[in-house]
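The first residue of the sequence shown is numbered 1, and numbering continues consecutively from there.
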Amino acid sequence: MSADVKYALMWSAVSVVVASFVVFVVSPGGLEDKFANFSGLMPGFLVASWLSQFVNGNRPHPVLDLTLFPIIIGASYIWYFLLSFTAVKLFRFVRRRRSST
């Protein structure tokens, strides 16, 4: 595993923890603001809502909750990993270009 992947894994884990803390503990604003914060900080809910309905079908609500939350966290983690990995690669590319000139 390269150092870039390790940095991206670390930063994506930190990003998911901070986003979860802001959304579920701090939860600033009113109802509309809470939804905007949730959708902005936890983008995995778009995937999770579709996938959870696909997996669960018409099962009761508690079963839906048990599958929805891990999918939200997992999809958000993948999203933050992709963002972090892109940022690390871009940072290394710019740093190499500056040091070579």
* Asked: Within the distance-only criterion (no hydrogens, no angle test), does the side chain of Ser39 pair as donor or acceptor with the backbone N or O of Ala36 below 3.5 angstrom?
  ->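 Checking the backbone N and O of Ala36 against the side chain of Ser39, a donor-acceptor pair under 3.5 Å is found.
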Are Ile73 and Phe38 linked, directly or through other ILVMFWY residues, by side chains that come within less than 4.5 angstrom of each other?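 Ile73 clusters together with Phe38.
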- Task: Quick one: list whatever passes ring pair (Phe, Tyr, Trp, His ring centres under 6.0 Å) with Tyr77, sequence neighbours left out.
- Result: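 In terms of ring pair (Phe, Tyr, Trp, His ring centres under 6.0 Å), with neighbours along the sequence ignored, Tyr77 is linked to no residue.
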Once you round to the nearest 0.5 Å, how far does OG of Ser100 lie from CZ of Arg98?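 Those atoms lie 11.0 Å apart.
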| Results of salt bridge (Lys or Arg N to Asp or Glu O under 4.0 Å) for Asp4 - residues two or more places apart only |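 If we apply the salt bridge (Lys or Arg N to Asp or Glu O under 4.0 Å) test to Asp4, skipping adjacent residues, the hits are Lys89, Arg92.
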Please tabulate, for side-chain N and O atoms in residues 78-85, each donor-acceptor pair with protein atoms closer than 3.5 Å (sequence neighbours left out).
from	atom 1	to	atom 2	distance (Å)
Tyr80	OH	Leu41	O	2.6
Ser84	OG	Tyr80	O	2.8

- Item | Test side chain to side chain contact (heavy atoms under 4.5 Å, CB included) applied to Phe91 - qualifying residues, sequence neighbours left out |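 By the side chain to side chain contact (heavy atoms under 4.5 Å, CB included) rule, Phe91 matches Arg95.
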*asked:* Quick test of your reading: applying salt bridge (Lys or Arg N to Asp or Glu O under 4.0 Å), list the pairs with at least one residue in residues 9-28, sequence neighbours left out, ordered by first then second residue.
replied: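 Non-adjacent pairs meeting salt bridge (Lys or Arg N to Asp or Glu O under 4.0 Å): zero.
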Sequence neighbours excluded and cut-off under 3.5 Å, please list the side-chain donor-acceptor pairs for residues 16-25, or say none.
from	atom 1	to	atom 2	distance (Å)
Ser20	OG	Val16	O	2.8

Requested in this report: Compare every heavy atom of Gly44 with every heavy atom of Ala75, then report the nearest pair and how far apart it is.
Outcome: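 Heavy atoms of Ala75 and Gly44 come nearest at CB-CA, 3.5 Å.
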